[in-house]
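Below is one structure, written out as structure tokens; comments come after it.
Predicted model only: the values in this text are computed from it and were never measured. We name chains A, B, ... by the order of the sequence lines, and we start the count at 1 in each one.
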Amino acid sequence: MIRLEKRPEPSRTMSYATPLLAVLATMVFGGFLFAFLGKDPIEAIITIFWDPLFGEFAFFYRPQLLVKAAPLILIAVGLALGFKAGIWNIGAEGQYIVGAICGAGVGLAFYPLESWVIFPLMALAGAFGGWAWAMIPAFLRVKFGTNEILVSLMLVYVAEQLLASMALGAMRNPEGRGFPGSRNLSQYESAHNAELIAGTGMHWGVVAALISVIFAYVLLTRHRLGFAIRVTGEAPRAARFGGVNPGRLILFCLGLSGLLAGLAGMLEVSGPAGQITIDFNVGYGFTAIIVAFLGRLNPLGILFAGLLMALTYIGGDIAQSQLGLPAAAIQVFQGMLLFFLLALDLFTNYRLGFGREAAA
Amino acid sequence: MTGALLALSGLTKAYPGVLANDDVSLSIAPGEVHALLGENGAGKSTLVKMIYGLVAPNAGRMEMNGAVFAPSDPRAARASGVGMVFQHFSLFDALSVAENIALGMEDPPKLRELSAQIRDVSETYGLPLSPDRIVGDLSAGERQRVEIIRCLLGKPRLLIMDEPTSVLTPQEVTILFETLRKLSAEGTAILYISHKLEEIRVLCDAATILRGGRVVGTCDPRETSARQMAEMMVGRVLAGPVREAPEPGPALLEIKSLSVPSPSAFGVSLKDVSFAVHAGEILGIGGVAGNGQDELLAILSGEWPCLPESVLFKGRDLSRMGPNARRGLGVLAAPEERLGHAAAPDMSLTENAMLTAADRQGLVSRGMLDWNRARDFAERVIGTFDVRTPGPANAARSLSGGNLQKFVIGREILQAPDVLMVNQPTWGVDAAAAAAIRQALLDLAKNGAGIVVISQDLDELMEISDRFAALNEGRLSAPQPTRKLDVEQIGLMLGGAHGMEVANV
């Protein structure tokens with residue numbers, strides 16, 4: 001008989017090995033999925049994981065990797081801080097959208113004035129927008145005990161409606177001949193989040209993502225607030241005994257994750273996306289949840305997880321266009337990654353035992 | 001005894017670090033109402049859990065009607081005719097009585113039939129209860145009736161009742177006793193667990209008294225006084241180290257008319273609790289767990305808020321201060337629950353040292369944590385209090401209960417508190433470790449700290465406390481000098497604290 005035995009201490013080895021095992025399991029079962037769809041599984045896996053990095057057109061895809069990974073990492077770092085404390089912000093997508101709207105709004109308000117202060121102001125506005133959007137579930141949770149999972153998630157759909165209304169109304173490009181969507185910020189130098197080194201994909205978002213990783217790492221390992229976050233997640237009563245104010249922690253964690261998501265949104269709208277459109281958001285806020293867990297809620301892990309996720313995005317796009325894999329199959333593939341990660345995570349705290357349990 | 005319904009012989013059950021039951025034997029005849037007496041931690045619940053198939057004994061045998069009885073789970077126990085009514089109910093508030101009962105049955109009949117059966121049983125045994133009522137609307141006594149009827153529908157031959165009257169009004173107790181007598185007259189044996197000695201004298205035919213996991217005596221409660229039973233429960237008071245009567249120092253911590261409503265349904269409200277702790281003194285607070293001990297400690301430590309001016313330290317109002325502000329002033333606490341409250345299970349001992357010692361030990365400056373100093377402090381706790389662990393990097397949950405307790409208490413003592421409050425300092429701790437912890441508390445008091453020890457272990461309180469008070473249902477009796485109390489008075493204080501009538505003692 002196979003049983004699960006609780007380990008006396010969480011296994012460090014397993015906690016590092018599970019992300020790799022999860023990636024492997026995803027490759028194997030994703031391979032089955034692609035085979036069922038009538039594609040060559042080996043070729044599909046190679047297309048997704050190898051071609052973007054080392055394939056014939058890698059010079060084109062590699063910068064994309066940074067462009068896609070930056071918002072994922074930026075958002076996931078913020079989410080991970082909350083997740084560690086058991087505070088579940090599922091609505092980063094909404095905060096991302098509102099951050100983009102606020103950031104773009106400031107930029108468009110100055111148009112066509114050129115000044116170096118515009119971009120920093122946009123960044124502040126984007127961060128503030130995301131923060132404010134996240135404070136809605138935070139405040140409701142602290143004040144009325146509502147479930148922040150539901151409230152933050154619902155606010156994503158509110159934010160999407162807001163986005164549509166902005167693209168069609170207040171922020172529509174007056175010179176756009178009636179087409180929905182704002183002016184293109186990439187054509188407005190003061191508001192453009194341009195590549196810092198041409199051809200690398202390196203823009204301010206990448207810088208912000210790296211800074212956020214370092215900031216979160218120091219916070220979690222060296223700062224009292226990070227310790228409060230970790231204790232709250234491990235043992236809420238012990239945290240309270242240790243002097244942690246749970247309400248304040250909720251406000252801080254939701255606020256910070258909203259702030260980073262908003263900043264990511266602003267950097268996206270002013271850079272790679274360029275403009276506010278109805279379909280501006282492509283699910284970074286949700287994928288970041290996977291990234292956060294894939295990175296074991298550890299800032300350094302998230303750095304790698306974000307790059308890996310970006311890889312599956314880009315590789316998935318290539319697989320779609322070259323092999324004709326349906327987009328849904330790619331999404332299932334990405335979902336598998338989280339699924340296997342969570343399933344294998346069990347072995348950090350448990351191990352398999354064989355044979356009958358000794359008499360209790 | 002011939003024709004015993006249930007006979008237990010030599011039952012032994014060990015948990016890591018504690019022998020919960022040691023060679024326990026008893027027998028119950030059909031129709032007998034048998035009391036199981038003992039302080040908390042005496043092994044009563046372990047014993048009934050073995051009978052009800054929730055845990056398996058390490059040694060010994062059980063016989064039911066002469067045949068070997070070894071239930072592997074509660075279902076097997078129920079099939080053999082054992083029913084149990086737990087102290088805490090497992091009912092769904094949103095469902096009706098009949099639906100709740102159906103949920104607990106393996107093969108429930110149609111709801112209408114079941115309702116008829118429920119009515120039938122409730123009339124037969126004088127337990128007024130309508131099967132259509134929603135459980136959420138019922139009183140505690142009525143909820144208990146649901147549980148009893150659930151058991152009775154299984155036609156048990158032995159009914160185990162765990163502290164059944166703790167939630168009942170006097171009127172409900174009267175009804176319950178009539179039901180139990182009726183059952184007994186029909187031949188159903190009842191194993192009745194309670195601390196309330198007067199109840200047992202009125203209701204039970206026989207009593208077995210447990211202490212420290214062993215049977216320390218049996219008696220006929222109708223012919224034994226509550227005083228004698230209390231003596232058996234508490235045992236002889238050990239002549240502890242004679243303590244000089246301390247000079248009553250200035251009052252450090254004062255609690256004034258503290259009343260706090262319970263935040264949860266199963267919690268206890270504190271009602272008008274007042275006491276003072278003086279420098280160099282140990283105040284012992286006795287009483288059965290679940291009478292407000294956890295709540296009292298949470299309020300004293302600052303985890304729960306209370307009304308202004310009800311908790312004062314050297315005349316300064318602490319009521320609005322959180323745990324860290326109180327620590328800063330020198331008011332420290334160690335809660336009962338080691339894993340998950342006093343310590344975070346999956347975190348290392350270094351991290352757990354940081355949990356409460358950050359400010360007082362200078363482990364933090366401008367919000368940045370100094371892990372090296374935290375590790376040094378953890379090592380100091382480990383060394384001073386002989387905590388058995390490979391090192392401070394080990395997770396708290398990898399330590400045995402006694403070792404973790406030494407760590408948790410040591411962590412607070414080494415911070416040189418002015419006032420220390422501990423809940424169950426030696427619960428589940430082996431004798432040597434318990435002695436070390438008690439000695440450390442005595443030493444701390446000698447150096448001028450005021451200490452509050454909340455404990456269910458009366459021997460412990462008699463040994464180390466200068467004054468003694470009993471906590472019951474959120475009320476605290478007036479503290480009395482311990483030296484002037486003997487077993488009898490303490491037994492009666494506790495008994496009286498349980499609302500027991502002592503007129504005929």
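Around CZ of A:Phe286, the count of heavy atoms belonging to other residues, nucleotides or ligands within 6.0 Å exceeds 12. Enclosure of atom CZ in B:Arg388 is not indicated, since only 12 or fewer non-hydrogen atoms of other residues, nucleotides or ligands lie within 6.0 angstrom. More than 12 heavy atoms of other residues, nucleotides or ligands sit less than 6.0 Å from atom CH2 of A:Trp88. Applying the 6.0 Å contact sphere to CZ of B:Arg75 captures no more than 12 heavy atoms from other residues, nucleotides or ligands. A 6.0 Å sphere centred on CZ of B:Phe69 holds more than 12 heavy atoms belonging to other residues, nucleotides or ligands. More than 12 heavy atoms of other residues, nucleotides or ligands lie within 6.0 Å of CE in A:Met14, so this atom counts as buried by the packing criterion.
Listed options B:Gly302, B:Ala325, B:Ala14, B:Ser398 were ranked by heavy-atom pairs under 4.5 angstrom with chain A; first place goes to B:Ser398. Considering only heavy-atom pairs separated by less than 4.5 Å from chain A, the leading option among B:Ala342, B:Gly340, B:Ala344, B:Gly322 is B:Gly340. Among B:Glu303, B:Arg326, B:His341, the residue with the largest count of heavy-atom pairs under 4.5 Å with chain A is B:His341. For the options B:Asn394, B:Leu363, B:Asp370, B:Asn352, heavy-atom pairs under 4.5 Å to chain A are most numerous at B:Asn394. Ranked by non-hydrogen atom pairs under 4.5 Å with chain A, the options B:Ala333, B:Ala343, B:Ala358, B:Pro345 are led by B:Ala333.
If you take CG on B:Leu339 and CZ on A:Arg237, they are separated by 11.5 Å, rounding to the nearest 0.5 Å. A:Leu219 contributes atom CG, which lies 8.5 Å from atom CE of B:Met368 (distance to the nearest 0.5 angstrom).
Under a cutoff of 6.0 Å and an axis angle of 45°, B:Arg411 and A:Phe241 do not form a cation-pi pair.
Under a 4.0 Å N-O distance rule, the pair B:Glu351/A:Arg230 qualifies as a salt bridge.
Side-chain atoms of A:Val231 and B:Met347, non-hydrogen and from C-beta on, do get closer than 4.5 Å to each other. B:Leu369 has its side chain out of reach of A:Arg222: every pair of non-hydrogen atoms, C-beta onward, lies at least 4.5 Å apart.
Although no hydrogens or angles enter the test, the distance criterion places no donor-acceptor pair under 3.5 Å between the side chain of B:Asp346 and the main chain of A:Glu234.
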